[in-house]
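Below is one structure, written out as structure tokens; comments come after it.
The figures that follow rest on heavy atoms only: side chains count, while hydrogens, waters and symmetry mates do not.
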Protein chains: 2
Amino acid sequence: MSLKFNLPTPLSRAGAMVLHLVPRWSARLFWASSGWRRIYTQGSSVRLKRLGYPRGVYSRLACRAYSAAPGSPEVMLTPERYPVQRLPFSTVSEEDLAAFECIIPGRVITDPEQLQACNVDWLKTVRGCSKVLLRPQTSEEVSQILRHCYKRNLAVNPQGGNTGMVGGSVPVFDEVILSTALMNQVISFHDVSGILVCQAGCVLEELSRYVQERDFIMPLDLGAKGSCHIGGNVATNAGGLRFLRYGSLRGTVLGLEVVLADGTILNCLTSLRKDNTGYDLKQMFIGSEGTLGVITAVSIVCPPRPKAVNVAFLESPFYVLVETSGSSAGHDSEKLTNVLEQVLNSGLVTDGTMATDQRKVQMLWALRERITEALSRDGYVFKYDLSLPVERLYDLVIDLRTRLGPRAKHVVGYGHLGDGNLHLNVTAEAFSQELLGALEPYVYAWTAEQRGSVSAEHGLGFKKKNVLGYSKPPVAMKLMQQLKAMLDPKGILNPYKTLPDQA
Amino acid sequence: MSLKFNLPTPLSRAGAMVLHLVPRWSARLFWASSGWRRIYTQGSSVRLKRLGYPRGVYSRLACRAYSAAPGSPEVMLTPERYPVQRLPFSTVSEEDLAAFECIIPGRVITDPEQLQACNVDWLKTVRGCSKVLLRPQTSEEVSQILRHCYKRNLAVNPQGGNTGMVGGSVPVFDEVILSTALMNQVISFHDVSGILVCQAGCVLEELSRYVQERDFIMPLDLGAKGSCHIGGNVATNAGGLRFLRYGSLRGTVLGLEVVLADGTILNCLTSLRKDNTGYDLKQMFIGSEGTLGVITAVSIVCPPRPKAVNVAFLESPFYVLVETSGSSAGHDSEKLTNVLEQVLNSGLVTDGTMATDQRKVQMLWALRERITEALSRDGYVFKYDLSLPVERLYDLVIDLRTRLGPRAKHVVGYGHLGDGNLHLNVTAEAFSQELLGALEPYVYAWTAEQRGSVSAEHGLGFKKKNVLGYSKPPVAMKLMQQLKAMLDPKGILNPYKTLPDQA
């Protein structure tokens, strides 16, 4: 019997725990540091070691560096790699630029150098050729911009921190880039309820800092926190590292302000835990990837900051990262120690380490958060983000290793054990059509057979839009098209994304 | 400074606590029992008393008895009390009855006696005059019924346990009643993830029992649990007693199967914690009160059953019911005792009692759960269900007592402190237009001024549909109408409900 099937049961039942599966491969990358090795040679009575400070490992934390390195090789234009045809939108004219300049003076960017980073996704797999970047500061400005674009039939690509994995955040052709970067103001924070209201362009890490100073935490956390915008998090229904503990954004987002395709401002920015007055329209925009409206402000409920955080990093045969949060350090440590003694004594776990100190906790989390970055240094990465029944979570990884053989450098499976979310990554020296053919549609069909999701948390964006049918029936896809047609009849909002190409 | 403003702060920050405000008035109703009085005369060092068994109080638990008492006075027909016009739907013919009989043989009810209970809401405030009740067992049967009704332009009133507060669950005129009562099968339960998939007509209390036997609990609990159906809970986005602890149904419902107005079956019945493939269509149906589709099956994630539950009932000047749930009885009791000693020593709380034993816990909860029933025995009840900023939660109650003077028997405010949800009840000897005029639109305008919700968890149904505009802007109302037109172009699903009368 495979150990991974037993492990989740006792741990996942301990309410406050968050479980993450880390690939052995990726952890080893990190363990090359001698500071880390040393830790593993110390012993203790319960075979758990408190983590010592590694030397020099932590000068930079786990946040991804997204800005395009100058001089890096050109990324192929999207229409050159993918079969996609430009739709008959208008082209931005001098008159359009003048109109934009009138709405947001000094914040209409046409400098090619500045546009470069906004045209390419951070994975460097897709590239658009937009000629204009708009940086509004208010919802009213967004409204005026969209009113103009709607009238003129100009396609618009809403952009937050540009940290997406599926090419949803950059233009495919010459769409106008509408950035939320300057919409970064906190509007209000309620220090009893923990309800935060802010503009869409606030960076997640900055919000985290803001609410932590007030004894709360953000209900979500991502590896990309240093760059991603809260508006983008909501637009993509980001999952991330606190999902198991605090639940989905569909529960924690209380209100949204959204600008519709024609420039109408839809103000559903309430700060109420409960509101059953009519249909919950904001839900339509959560996870719609900017294709139904542009989120300009968010109201979100933040949980109280836990007084005690414990992180355990365990192995055999998988690396498992467990975080507990609670209100009493003594109680939490006692509970975790009990569980760990149990799994150690039973042989489920053979070794591990624990941390409570914030810096050490961050170090352990970095093992998990830096996997994406580590993978990107292994060559070309074929990325899949799947939801599967937890008892089948790893089977596909094993299956693919056999199927692909030496064609793949590494087949890596990690993810969120408690959520049944597998991040499947296949690396190779370079992109290869043959390897792609061995992976697709095989991976999607395998997932569909398990009634899984072909995109657990990354969304569909540009790169995955045509696999929607593996997880949703034709009736659902038709309804989605109807919803899009209702909210964006000209189709100007983030075109070529989310929904499959129409037959 | 008023005590109620201070109390929530330290308590609500202790993660797992659920806070409920119980009106002094209602608790006194219950305390008439000598068994209860006795408890309050015992002392202990920290002034907290373990609850003893009251005698004879608990022969019947808190679940509402909804079936119409035979011989009770007739409830006025809805169109006689409210200004509402029948829309030009067809009338059920003999041919229609024959067609229904063909789809669900032996389950087409036309007996007036049996129809009586389904035509009247349990509060006995609205009454329809439907001539036919259909009791399908499968989604396929629901689909065939709706296909027929859609073709024939017959209006349909989907009905679960008929426990709603706003007249949403009974016909207004002669709509066909489509009951989920026979759709009461559990489809699957996953004993690691706690994901339950079941038909819409499963009674909440029965599901509770089912999952508790497997060491999980339902993420929601209501006073009406003995009668309400899970499909109705989802259709009305029920809040209830575990909302603060386990969050909204928008996060815990993972999948739905819905039959659309024309009979199309929309199968989004996945059991995945994460699924970002396209728009989350199921969200449209959660809280739509059967006006956009008929929910036929539900997939919902159940939290692990807490190993320790503590309930504290405190007073000064409000009665506050606090429930904690956790995995260690010792830890939880220690935490709660610390908090209680703190609030007692500071004078915030003057007296109280605690319980851990399940039966005693239920007794304390009954104080809260039976308020609705108790109120209904005080005469005619004007009911409001408001979300307000927590610091203004009780102000409206005080305000109304002054405003109404002797015209009201009682102005009672209770609710969910942690959710900012006030249940405002005004009782009088009988219905009075004058009292109604003093209450409305005053209560709604007061709530709108605080940017509150005029329906926190009860929904709009028939009785509140025209107050939507106090909580939602015209742009939102217009979008809701568009959504309704898109999903139910003939308007046959639960007409006269949720959306305001069109001008």
Which atoms of [X] approach chain A - backbone, side chain, both or neither, heavy atom under 4.5 Å:
X        : value
B/Asp275 : both
B/Thr498 : side chain
B/Ile265 : backbone
B/Leu266 : both
B/Leu483 : both
B/Ser271 : neither
B/Leu499 : side chain
B/Leu386 : neither

query: Relative to chain B, which segment of A/Pro303 carries a heavy atom at a distance below 4.5 Å: side chain, backbone, both, or neither?
result: neither

- prompt: Under a 4.5 Å heavy-atom cut-off, does chain B meet the side chain of A/Leu272, its backbone, both or neither?
  reply: side chain

message: Students often mix this up, so state it plainly: with edges at 30° and 60°, are the rings of B/Phe216 and B/Phe189 parallel, tilted or perpendicular?
response: perpendicular

task: Measure the acute angle between the ring planes of B/Tyr384 and B/Tyr444, then classify it against the limits of 30° and 60° as parallel, tilted or perpendicular.
output: perpendicular

Closest heavy-atom pair and its distance - B/Lys484, B/Thr291: NZ-O, 2.7 Å

field: chain B-proximal positions within residues 246-258 of chain A [heavy-atom distance under 4.5 Å]
entry: A/Arg250

Regarding [X] and [Y], is there a side-chain donor-to-acceptor distance under 3.5 Å anywhere?
X        : Y        : answer
B/Arg273 : A/Ser387 : no
B/His331 : A/Lys335 : yes
A/Lys472 : B/Thr277 : yes

- prompt: Looking at B/Asp191 and B/Arg214, does any basic side-chain N land under 4.0 Å from a carboxylate oxygen?
  reply: no

- request: Would you sort out whether A/Met480 and A/Leu468 count as a side-chain contact (heavy atoms from CB on, under 4.5 Å), showing the intermediate values?
  value: CA-CA 11 Å; A/Met480 291 180 201; A/Leu468 174 57; 3.9 Å; yes

- prompt: Does B/Leu241 reach the side chain of B/Leu222, with side-chain heavy atoms less than 4.5 Å apart?
  reply: no

